Amino acid sequence: MGADLRTLRTGEGEGHADGWRSKLHFSFRLTAAEPWSASKAALADQLDLLEQDLAPLEWVPLEFRYRFRCRDADCPTHNMALKDWEAGASYRTFLHRCGERALHDKLRERWYELIFTPDRAVHFFVGNIAAHPRTFMLLGLFYPKTNTVRYVQDSLFGD
């Protein structure tokens with residue numbers, strides 16, 4: 001059986017303070033991103049008819065990659081790049097504030113160490129596109145405090 005939206009929810013509340021990330025099979029790394037193709041760069045340079053003073057989109061030379069196992073017993077692991085706008089914005093912010101030397105450490109702290117903690121219930125928002133309906137991408141992260149989600153509906157479908 002393949003993973004569905006219920007099994008893509010990651011394992012909140014199952015870890016313990018020592019080595020809990022490895023127990024839940026989470027990892028994070030920054031990798032070199034593929035440069036934009038000419039067609040993608042052209043899309044990024046399009047003007048908005050209503051808002052002419054928009055800053056152009058900037059290519060971010062890093063991919064924020066998460067590797068994890070979902071709750072499907074047959075899960076071999078997922079390795080997905082985060083496509084969230086906020087990740088790119090944090091790249092530019094930390095590059096400007098801290099420089100190239102501290103950039104990777106700051107990004108790792110922001111996108112891994114502060115999110116994947118024992119007191120957070122981490123959830124991944126995943127999606128696909130019509131051209132590749134069986135290929136999923138990581139669109140965003142939701143990481144409320146664990147004690148908050150204990151009192152929330154557990155399933156979209158009532159089971």
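In this chain, numbering begins with 1 at the start of the sequence shown. Treat the numbers as computed from the prediction; the structure is a model and nothing was measured.
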Pairs satisfying side chain to side chain donor-acceptor pair (under 3.5 Å), at least one member in residues 89-101, at least two apart: Ser90-Trp111

Residue pair Leu138, Leu82: steps toward the side chain to side chain contact (heavy atoms under 4.5 Å, CB included) verdict: CA-CA 5 Å; Leu138 183 54; Leu82 180 62; 3.8 Å; yes

Path from Phe125 to Met80 over hydrophobic side-chain contacts below 4.5 Å: no

Side chains of Glu86 and Leu141 in contact at under 4.5 Å (non-hydrogen atoms): no

Aromatic centroids of Tyr66 and Phe116 separated by under 6.0 Å: yes

With Arg108 via salt bridge (Lys or Arg N to Asp or Glu O under 4.0 Å) - residues at least two apart: Glu113

Gap between atom OH of Tyr112 and atom OG1 of Thr117 - 0.5 Å precision: 11.0 Å

ring-ring contact (aromatic ring centres under 6.0 Å, His included) involving Tyr143 - partner list, sequence neighbours excluded: none

Contacts of type side chain to side chain contact (heavy atoms under 4.5 Å, CB included), residue Asp105, not counting sequence neighbours: none

ILVMFWY cluster, Leu139 and Leu62 together (side-chain gap under 4.5 Å): no

Heavy-atom neighbours of Trp59 CH2 exceed 12 at 6.0 Å: yes

Side chain to side chain contact (heavy atoms under 4.5 Å, CB included) against Cys75, all qualifying residues, sequence neighbours excluded: Arg69, Cys70, Asp72, His78

Residue pairs, two or more places apart or on separate chains, that pass salt bridge (Lys or Arg N to Asp or Glu O under 4.0 Å) and touch residues 56-68: Glu63-Arg65

